[in-house]
Number of protein chains: 2
Amino acid sequence: MRPTTRDLAKAAGVSLATVDRVLNGRAGVRKKTVDAVNDAIRRIGFERNQIAATLARQRGYRFGFALPRSGGEFMEEILDRIREFDKAGRAEMVEARVIHLDDQNPHRAARTLSRLSAEDLDGLAIMAPETPQIRDAIQRMRERGIQTVPFVSNQQEDGFVGIDNRAAGATAGRLMGRFLGSVQGAIVALTETTQSRDSLERRLGFDSVINHEYPGLRILPTLETHGDPGRTELVLRNVLAAHDDIVGLYLMGAEAHTPIDIARHLQATENRVTIAHERTPSTEAALRQGDIAAVIHQDPGHLVRSAVRILRAKCENRAILASQERIRIEILIAENL
Amino acid sequence: MRPTTRDLAKAAGVSLATVDRVLNGRAGVRKKTVDAVNDAIRRIGFERNQIAATLARQRGYRFGFALPRSGGEFMEEILDRIREFDKAGRAEMVEARVIHLDDQNPHRAARTLSRLSAEDLDGLAIMAPETPQIRDAIQRMRERGIQTVPFVSNQQEDGFVGIDNRAAGATAGRLMGRFLGSVQGAIVALTETTQSRDSLERRLGFDSVINHEYPGLRILPTLETHGDPGRTELVLRNVLAAHDDIVGLYLMGAEAHTPIDIARHLQATENRVTIAHERTPSTEAALRQGDIAAVIHQDPGHLVRSAVRILRAKCENRAILASQERIRIEILIAENL
DNA sequence: AGGATTTTGAGGTGCGTGCCTCAGAAATTT
DNA sequence: AAATTTCTGAGGCACGCACCTCAAAATCCT
């Protein structure tokens, strides 16, 4: 039988009340006594029964995902997974909800965050740009006792939930190189905005592989769509007209829907190797039809569950299983969808 | 607040005792009453609080993994994940242990299974060949009230935990074709034994892609190693001597360690495309060194956790999140390790 | 209708922990 | 030494459910 708090109290030579005070970090216990309890914990191998603990706490866990209001297909996938998790989690007394942040106005986003209280939230996974206001708001949330973890969009902290975008870019680069084989020519790189750290890092990784290992390939300057179909069509038309040796397309942004549609319409993918990011209905269909060769993906379900596990571990002051929380850079082709 | 059994009793117009009888499938309740309770469950949206239930049950969950005693590096990975899970699961009152099966003697394996009692096991994930004895033993286990799920090695049931090996073979085939580009020639396919369903299916998938879409490539008859280094070296030497146009190697078995070592020693991988299965220390090192081009992988941690989730859902008579339980066919290259 | 049988209700206990109160003990200060 | 202040112990209630007992009610059979 596993040792209980009762056993622990006996082993430490203190009462249940004191054990409770130490375990839950309440004030008013002499250091000597705290040490004695911690000693006993190690000695008898006590481990708090989380099942009983959550039941007794009355209140399970309530986690939030702070996400930009506007999102494309990939964001929809994430939202679906959050809802799915919330539904399945109710039996285990964990809830997950979405908190929309204004992605145009960091100031308002920060205010939204600062309104969150520890009363109705135990932890928050945050996808937001790194402005000073937001950084401050997050810091204050922490001080209020809300656990946080950066989500998908890179905040370069450790404990970040998401893929290493540099490695993802390198993966795309390697596939591009191998798929092209001995073919030589130019590669178009397209993204929504070069301002985002994600795009930057992907491009860095992509470049490092292509430039070092495939001297017959050269990557053109990154084109920006700003999420606008008109502009996407314009820049694609221009680049196709300007270069007659384009052999590959690298769609770096998270929202490949529009670029794929337009590229197909312009017949830009024919006889070229196209690689995109994130599995969505659009990229999946394009893979099946052979319009694109591969998709670099991060599993949204895994992202969501991982974020929750990390937040929960923080709440319970536990360690996490690092191996389980490393988000894989997945390579998808038509055959392993 | 979520409805409790008390609310359910009131809504159904019965007592707590009857609610308990219905919820836990105990005998001695009229069909009419059972229906009334189930009706009320749907009406008020009752959902059993699993936290409280497991606590009250006293005994958490005890799951087992029935695995062959002899295993290579990939099996070691799985064992590590099981141990890891067991350690982390204790706080949630779930245990996981390994039950070794004699893989040479199905009769003894069946006996091992038949000795397991529902007293000390709630569910079992089984990796075993499909012999009549074992099939019977599994059937009897089920009748004794132990939940089961086929594990990794294909038992072609639904609810099977593992990848679709035909698709995995097709994935390998597509990568082989794309990586070779316009290169033409012969491909060596190597496995431990062609008797295993896994190998068969992988070969089928591999063939279907290569034969239909890469007419310049031809796949040689599958070579068998029987797990023996000497034999591996022999068949590899022979095939290399017999054909001067070998451009690719497909290592279909789960144990790529020996084949990779020997292929490297024979310089068989140089200027050829090699694809193997399962990430292990060996295949990982070979990827980094460029000896092999890609690894088709299934995540052992995911396999273990998925098996446990499925078994648990069966124990609790719940539905599972299918999306979460589909084991992905992962493609690994040096850049996304 | 009567007895035998099946079905239901009322109530209790316990799981391991969180959280609360209050009195008494121990350490510290005056 | 007395008066504070700081720690500690004993105890109880609660969480939502499983599991148990025993008697009462409903249904069945002859």
Side-chain angles (χ1 to χ4, degrees), chain A residues 1-38 40-41 44-61 89-94 119 122 145 315-318, chain B residues 1-38 40-41 44-61 90-94 122 145 315-318:
Chain A
M1 212 54 201
R2 287 180 49 186
T4 71
T5 43
R6 214 171 294 279
D7 302 323
L8 179 55
K10 193 145 22 129
V14 299
S15 73
L16 267 176
T18 300
V19 163
D20 173 58
R21 289 179 187 117
V22 174
L23 281 183
N24 297 297
R26 300 184 217 288
V29 186
R30 258 183 307 182
K31 181 158 181 317
K32 221 177 84 182
T33 317
V34 174
D35 291 344
V37 173
N38 284 328
I41 288 178
I44 67 173
F46 170 84
E47 213 174 338
R48 188 201 309 245
N49 184 332
Q50 291 295 350
I51 295 281
T54 29
L55 181 61
R57 275 179 76 242
Q58 278 288 77
R59 185 159 85 81
Y61 287 100
R90 292 185 58 195
E92 259 93 43
M93 299 176 77
V94 290
E119 298 305 304
D122 295 295
C315 288
E316 295 172 352
N317 209 3
R318 277 186 305 126
Chain B
M1 213 51 205
R2 287 181 48 187
T4 71
T5 43
R6 212 171 297 277
D7 302 323
L8 179 55
K10 192 143 25 127
V14 300
S15 73
L16 268 175
T18 300
V19 163
D20 173 59
R21 289 181 186 114
V22 174
L23 281 183
N24 297 297
R26 302 184 215 287
V29 186
R30 260 183 309 182
K31 183 162 179 316
K32 221 178 82 182
T33 318
V34 174
D35 290 344
V37 173
N38 285 326
I41 288 178
I44 68 174
F46 171 83
E47 214 176 335
R48 190 201 307 245
N49 184 331
Q50 293 295 352
I51 295 282
T54 29
L55 182 61
R57 273 179 78 241
Q58 280 286 74
R59 185 161 86 78
Y61 288 99
R90 293 186 58 195
E92 258 91 44
M93 297 177 78
V94 292
D122 295 295
C315 287
E316 295 172 354
N317 209 3
R318 276 185 306 128

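Labels below follow one simple rule: chain letters A, B, ... track the order of the sequence lines, proteins then strands, and each chain is numbered from 1. Atom set for the values below is all heavy atoms of this structure, side chains included, hydrogens, waters and symmetry mates excluded. None of the values given here were measured: they were computed from a predicted structure.
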Nucleotide of D/dG9, C/dA10, D/dT8 approaching B/S15 most closely (side-chain heavy atoms): C/dA10
Main-chain N/O of A/V14 paired to A/T18 side chain as donor or acceptor, under 3.5 Å: no
B/N24 side-chain N/O to B/R21 backbone N/O, donor-acceptor pair under 3.5 Å: no
Intermediate values then yes/no, salt bridge (Lys or Arg N to Asp or Glu O under 4.0 Å), A/D122 and A/R59: CA-CA 10 Å; A/D122 295 295; A/R59 185 159 85 81; 3.3 Å; yes
Please report, rounded to the nearest Å, how far the [atom2] atom of [N] is from the [atom1] atom of [X].
X     : N      : atom1 : atom2 : value
B/D35 : C/dT7  : CG    : P     : 14 Å
A/K10 : D/dG9  : NZ    : P     : 15 Å
A/K32 : C/dA27 : NZ    : P     : 7 Å
B/D7  : D/dC15 : CG    : C1'   : 14 Å

Protein-to-nucleotide contact annotation, 5' to 3' order, nucleotides 11-22 of chain C [B base; S sugar-phosphate only; - none; under 4.0 Å, heavy atom]: ---BBBBSB---
Phosphate OP1/OP2 of D/dT8: any A/T18 side-chain N/O under 4.0 Å: no
A/R30 side chain near D/dT6 phosphate (N/O to OP1/OP2, under 4.0 Å): no
Touch class at under 4.0 angstrom, heavy-atom based, for B/G13 against every strand present: sugar-phosphate
